[in-house]
Every structure is written in structure tokens, then in C-alpha cells.
Amino acid sequence: MVTTYAIIGLGRFGLSLASKLFEAGQEVLGVDMNEERVEDAHPYVTHALIADSTDAEALKSIAIRNIDTVIVAIGNDIQASILTVLLLKELGVRKVIAKAVNKLHGQVLYKVGADWVIHPERDMGIRVAHQLLSPNVLNFIELSKDYSVEEIKIPDNMTKKSLREIDLRARFNLSVIAIRRNHDINISPSPDETMDKGDVLVVIGKNKDLERFANVDSLMK
Ligand code: ATP
């Protein structure tokens with residue numbers, strides 16, 4: 001199904017988001033008040049146009065309320081970002097996602113009606129720290145404060161062992177939901193599945209248990 005998106009603010013963040021959605025076959029309208037940014041965006045979006053998103057008339061003239069999801073990717077001009085979100089919600093846009101540059105900005109964006117606020121710099125900082133602290137963790141999704149799903153590279157000494165032998169449930173209180181081997185993914189692997197070097201386990205559990213497992217290289221010694 002094709003969803004229509006508008007990305008307001010075609011900086012590095014906005015443009016990379018827009019081009020990824022466009023590549024995935026979605027309909028993407030790119031909006032920026034800077035003519036050069038709009039010119040540069042043309043190859044990466046369905047349509048790109050110049051408009052000031054703090055101008056309600058300009059937003060109306062591009063029929064913004066008919067777009068499924070609008071992403072406000074303006075960062076530095078906090079006032080413009082807040083005003084844009086406010087106008088979009090007043091004009092009846094169903095889903096508005098906005099980028100915040102700090103915590104207070106994020107709180108205000110929620111107050112004026114944003115449906116989802118993202119903090120790209122903060123989240124990327126957390127992600128990089130996580131990766132440095134646990135190099136075996138390739139990716140993770142936080143499900144709540146205490147629980148996550150993580151992709152964890154198996155330690156070398158686990159190769160040739162079966163899931164049953166490794167027994168993550170008893171040892172670490174973790175459930176294996178999939179095994180990634182090169183480009184293949186095996187969902188619901190059998191307990192007799194044996195591990196190859198370089199396999200990645202997709203594991204769900206409590207953060208402290210995940211951390212214990214991700215940092216145990218001597219597990220099977
Ligand atoms: P990034 O960090 O994503 O590269 P940036 O540092 O270039 O962003 P931002 O201030 O976050 O700068 O602005 C992103 C884009 O939003 C810029 O291209 C800017 O022209 C555009 N922009 C800012 N205010 C408005 C506005 N009121 N209407 C439309 N576009 C705007």
C-alpha cells in the first residue's frame with residue numbers, strides 16, 4: 001500500500017528520510033523554504049516545492065491535510081518547528097511526526113499536538129554508546145524501559161552447539177526468536193538448530209539479562 005508523506009525541511013535528516021521512503025515506493029512530497037535545498041531534493045522525492053511551513057496559507061495551498069503523514073524535520077529554528085506542528089494539527093493533518101533538538105523542544109512539540117517526537121542526535125548517541133559497550137550487539141529495539149529485542153553475534157565458542165545445548169532460556173532467561181545467517185533469517189528455529197560461526201541470534205528479554213549474554217564470551221568454555 002502506498003502512503004503519502006510530506007517532509008518539511010530538507011536538511012540532512014529530512015532528505016535522507018525522504019529518499020529512503022521514496023526508494024521504498026512511497027509517495028513523498030519534499031518541502032523547504034530554501035530554493036537550493038528543493039532543487040537538490042528533486043531526484044530523491046516524488047515532488048519537491050518551495051514553501052514556508054509557518055505560513056498557514058502556504059500549507060493550505062499545497063493541500064497538506066490530504067497527506068497521510070507529515071514529518072517536520074526542521075531543527076535549528078525551534079520556533080518554526082513548533083509553529084509548523086501547531087498549524088499542521090490545526091489544519092487537520094492526522095499524523096504529525098517532528099524532530100526535536102533537545103528535551104524541552106520535544107516536550108513542547110507534544111504539547112502542540114505532535115503524534116510522535118523523535119530525537120535523532122540523542123538516540124544515535126545512545127545507540128553508539130550501546131554498540132561500544134557491547135560490541136556483539138548489532139542492533140536493538142527497546143520495547144520498554146526494562147525489555148528489548150537485540151541482535152547479538154554469537155561468541156565463537158558457541159559454534160557447532162545447538163540451541164538446546166546453549167539453553168539461553170535457563171541460563172539467561174532469554175528467548176531466541178530468530179537466527180540470522182548471512183542474508184537468511186530463520187524465524188522459530190528448532191531447538192536442534194546448530195550455530196555456525198558468525199550467526200546472529202535475535203533475542204528478547206530483560207535488558208540486564210541481554211547485557212549479561214552480550215558480554216559473555218566465555219559462555220561455553
Ligand atoms: P539537518 O541537521 O537535518 O541537516 P540543518 O542543520 O540543515 O538540518 P535545520 O535548521 O534543521 O538545518 O533545517 C532543516 C531544513 O529546514 C533547512 O533546509 C531549512 O531551510 C528548512 N526550514 C527551516 N525553517 C523552515 C520553514 N519555516 N519552512 C520550510 N522549511 C524550513
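Since the model is a prediction, treat every value here as computed from it, not as a measurement. In what follows, every heavy atom counts, from backbone to side chain, and hydrogens, waters and symmetry copies are set aside. Indexing begins at 1, ligand by ligand and atom by atom, following the structure's order.
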**Student:** Which atoms from ligand 1 have a heavy atom of Lys99 less than 4.0 Å away?
**Tutor:**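 Once the distances to Lys99 are compared, the set is 1 (P), 2 (O), 3 (O), 11 (O).
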**Student:** For atom 19 (C) of ligand 1, tell me which residue out of Ile78, Asp52, Val101, Asp32 has the closest non-hydrogen atom.
**Tutor:**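 Shortest heavy-atom distance from atom 19 (C) of ligand 1: Asp32.
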**Student:** Are more than 12 heavy atoms, taken from residues, nucleotides or ligands other than Tyr110, located less than 6.0 Å from that residue's OH atom?
**Tutor:**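 Result for OH/Tyr110: enclosed.
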**Student:** What protein heavy atom lies closest to atom 30 (N) of ligand 1? Include the residue and the distance to one decimal.
**Tutor:**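 For atom 30 (N) of ligand 1, the nearest protein heavy atom is Met33 N, 3.2 Å.
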**Student:** Would Asn34 count as a polar contact of ligand 1, with the cut-off being nitrogen or oxygen pairs under 3.5 Å?
**Tutor:**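 In fact, backbone or side chain, Asn34 has no N or O that close.
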**Student:** Please report the closest heavy-atom contact between Pro191 and Ser162, naming both atoms and the distance.
**Tutor:**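 Residues Pro191 and Ser162, closest heavy atoms: O-CB, 3.7 Å.
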**Student:** I'd like to check whether Thr84 has a polar contact with ligand 1, where a contact means an N/O of the residue lying under 3.5 Å from an N/O of the ligand.
**Tutor:**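 Looking only at distances, the answer is no, because the N/O contact criterion of under 3.5 Å is not met.
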**Student:** Should you measure from each heavy atom of Ala51, which atoms of ligand 1 turn up under 4.0 Å away?
**Tutor:**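 What qualifies from ligand 1 is 28 (N), 29 (C).
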**Student:** I'd like to know if the side chain of Ser144 and the backbone of Asp146 have a donor-acceptor N/O pair within less than 3.5 Å.
**Tutor:**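 Yes, Ser144 side chain to Asp146 backbone: donor-acceptor pair under 3.5 Å.
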**Student:** Which of the numbered atoms in ligand 1 are below 4.0 angstrom from a heavy atom of Arg37?
**Tutor:**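 Answer, ordered by atom number: 7 (O), 15 (C), 17 (C), 18 (O).
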**Student:** Identify the closest protein heavy atom to atom 16 (O) of ligand 1: which residue and atom is it, and at what distance?
**Tutor:**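 Its nearest protein heavy-atom neighbour is Gly9 CA, 3.2 Å.
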**Student:** Under 4.0 Å from a heavy atom of Thr54: give me the atoms of ligand 1 that qualify, with their elements.
**Tutor:**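 Atoms satisfying the 4.0 Å criterion: 27 (N).
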**Student:** Hydrophobic cluster membership, with links at side-chain heavy-atom distances under 4.5 Å among I/L/V/M/F/W/Y: are Leu143 and Ile126 in one?
**Tutor:**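 Result: no, two separate clusters.
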**Student:** Does Leu10 offer a backbone N or O that forms a donor-acceptor pair with the side chain of Asp32 under 3.5 Å?
**Tutor:**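 Looks like yes, one N/O pair under 3.5 Å.
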**Student:** Measure the distance from atom 14 (C) of ligand 1 to every protein heavy atom, then report the residue, atom name and distance (to 0.1 Å) of the closest one.
**Tutor:**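 Answer, as residue, atom name and distance: Ala73 O, 3.7 Å.
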**Student:** Tell me, please, which residues at least two apart from Glu35 pass salt bridge (charged side-chain N to carboxylate O under 4.0 Å, His left out).
**Tutor:**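 For Glu35, no residue satisfies salt bridge (charged side-chain N to carboxylate O under 4.0 Å, His left out) once neighbours in sequence are set aside.
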**Student:** Shortest non-hydrogen contact from Asp52 to Ala58?
**Tutor:**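 Shortest heavy-atom separation between Asp52 and Ala58 comes out as O-CB, 3.8 Å.
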**Student:** Note the single closest protein heavy atom to atom 11 (O) of ligand 1, along with its residue, its atom name and the distance in Å.
**Tutor:**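 The closest one turns out to be Gly75 N, 2.7 Å.
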**Student:** Would you check whether Gly14 has a nitrogen or oxygen atom less than 3.5 angstrom from a nitrogen or oxygen atom of ligand 1?
**Tutor:**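 Between Gly14 and ligand 1, no N or O pair is found under 3.5 Å apart.
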**Student:** Check ligand 1 against Arg12 and write out every atom of the ligand that is under 4.0 Å from a heavy-atom position of the residue.
**Tutor:**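 Counting from 1, the qualifying ligand atoms are 1 (P), 2 (O), 3 (O), 4 (O), 6 (O).
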**Student:** If I apply the N/O under 3.5 Å rule, does Ile74 come out as touching ligand 1?
**Tutor:**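 Looking only at distances, the answer is no, because the N/O contact criterion of under 3.5 Å is not met.
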**Student:** So if I count the atoms of ligand 1 from 1 in the order they appear, which ones are less than 4.0 Å from some heavy atom of Asn76?
**Tutor:**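 Within the 4.0 Å cut-off of Asn76, ligand 1 contributes 6 (O), 9 (P), 10 (O), 11 (O), 12 (O).
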**Student:** Does only the side chain of Ser81 get under 4.0 Å from ligand 1, or the backbone, or both, or neither? Count heavy atoms.
**Tutor:**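 Neither part.
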**Student:** How does the hydrophobic cluster around Val128 look, that is, which other residues are in it when side-chain heavy atoms under 4.5 Å mark a link?
**Tutor:**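 Other cluster members: Met124, Leu132.
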**Student:** Consider side chain to side chain contact (heavy atoms under 4.5 Å, CB included). Of Val28, Leu88, Thr3, Thr4, which one does Ile67 pass it with?
**Tutor:**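 Filter result, single survivor: Thr4.
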**Student:** Quick one: closest heavy-atom pair of Thr194 and Lys160, and the distance?
**Tutor:**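 Residues Thr194 and Lys160, closest heavy atoms: CG2-O, 4.1 Å.
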**Student:** If you measure every N/O of Ile8 against every N/O of ligand 1, is any gap under 3.5 Å?
**Tutor:**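 There is no such contact.
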**Student:** Leu163 and Leu168: same hydrophobic cluster, using ILVMFWY side-chain contacts below 4.5 Å?
**Tutor:**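 Yes, because Leu163 and Leu168 connect within a single hydrophobic cluster, where side-chain heavy atoms sit under 4.5 Å apart.
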**Student:** Can you tell me which residue and heavy atom of the protein come closest to atom 3 (O) of ligand 1, and the distance to 0.1 Å?
**Tutor:**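 Result: Phe13 N, 2.9 Å.
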